[in-house]
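Because the structure is a prediction, the values reported are computed rather than measured. Remember, it's 1-based here, ligands and their atoms both numbered in the order they're listed.
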Amino acid sequence: MKNIILIAPPGAGKGTQASMLVEKLNMLHISIGDLLRNEVNKQTELGKSLEVRMQTGKLVDDEIIFEVLKSYLKDADLSKGIIFDGFPRNISQAQMLDSLDIKIDSAIYLDVPKSVLESRILGRKTCPNCKTGYNSNFENMKPKVEDICDKCGSKLITRQDDTKDVFENRYETYINETQPVLEFYKNKQILFNIKSLDKDEIFNNIIKIIDNTLPLEGI
Ligand code: AP5
Ligand code: MG
């Protein structure tokens, strides 16, 4: 199985595409953001400090990220193929990933304009129970009953950092720190660009990348 990285700004659909890949290919989805939010929910000392940091829209310190990632990898089944979602987010993290014994086959960039990202972030709702994602700003992604999960009936929640101000900071962090990572993988000749906004079209192209049937220029 292949190991891939999804690199994209906030709200571009990293988590959405990763969930679709898990469903279709049973790959291992590693979302650093989700791992950090799990820690926040435990309200440990570390969790409390992460909560404050993430609410600024800045990156969490590399040392903490490496610890969280290494401890997750220790017990994970890596043979299924990995989807890295939200890692690496700066050059030093990309170098750290290089030093692990994990071959990265493709880095996939989801290219989405800022205005669309903002609308997706501000409309995002998630089921805290079964983790299904919805979006109140897109007709085809709304739940059938407002704020209620179609699948399990739980009340949907909004992420703390999904406000206009924090989004602006997250986007700026992405431009300054994460965008250079694209060049890092372009130089390794494993970077693919996907410019589509259509969820299924993006997914079909990711599948083609995994199957080695999409040229590097992407769509
Ligand atoms: P993280 O949780 O990774 O957040 P993010 O990068 O800001 O990205 P999002 O999760 O908001 O967006 P997404 O691309 O997953 O989009 P989604 O699929 O949900 O990180 C949060 C914080 O943790 C960071 O700010 C940082 O502080 C810290 N952190 C994380 N990783 C770190 C690292 N490596 N180093 C240091 N710090 C780190 O989609 C968004 C919405 O749009 C959803 O409602 C979805 O339903 C909808 N949608 C998706 N695709 C489409 C589509 N094609 N059409 C219409 N709607 C769509
Ligand atoms: Mg996400």
Crowding at NZ, Lys186 (>12 non-hydrogen neighbours, <6.0 Å)
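Check fails, neighbour count at 12 or below.
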
Using a strict cut-off of under 4.0 Å between a residue heavy atom and any atom of ligand 1, list the qualifying protein residues by chain and number.
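Ligand 1 pocket, heavy atoms under 4.0 Å: Pro9, Pro10, Gly11, Ala12, Gly13, Lys14, Gly15, Thr16, Ile32, Gly33, Leu36, Arg37, Met54, Lys58, Leu59, Val60, Ile65, Gly86, Phe87, Arg89, Gln93, Arg120, Ile121, Arg124, Tyr134, Asn135, Met141, Arg159, Asp161, Arg170, Leu197, Lys199.
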
Residues in salt bridge (Lys or Arg N to Asp or Glu O under 4.0 Å) with Arg37, at least two apart?
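Partners of Arg37 under the salt bridge (Lys or Arg N to Asp or Glu O under 4.0 Å) test: Asp34.
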
Treat each ILVMFWY residue as a node, draw an edge where side-chain heavy atoms are under 4.5 Å apart, and state whether Ile5 and Tyr72 are in one component.
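Yes.
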
List the steps and the verdict of side-chain contact (heavy atoms from CB on, under 4.5 Å) for Arg170 and Ile121.
CA-CA 11 Å; Arg170 284 156 67 194; Ile121 288 285; 3.4 Å; yes

Can you sort out the partners of Glu146 under side chain to side chain contact (heavy atoms under 4.5 Å, CB included), two or more places apart, ordered by chain and number?
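Glu146 satisfies side chain to side chain contact (heavy atoms under 4.5 Å, CB included) with no residue once adjacent residues are dropped.
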
According to side-chain hydrogen bond (donor to acceptor under 3.5 Å, both in side chains), who are the partners of Asp111, at least two apart in sequence or on a separate chain?
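Checked Asp111 against side-chain hydrogen bond (donor to acceptor under 3.5 Å, both in side chains); matches are Tyr109, Lys195.
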
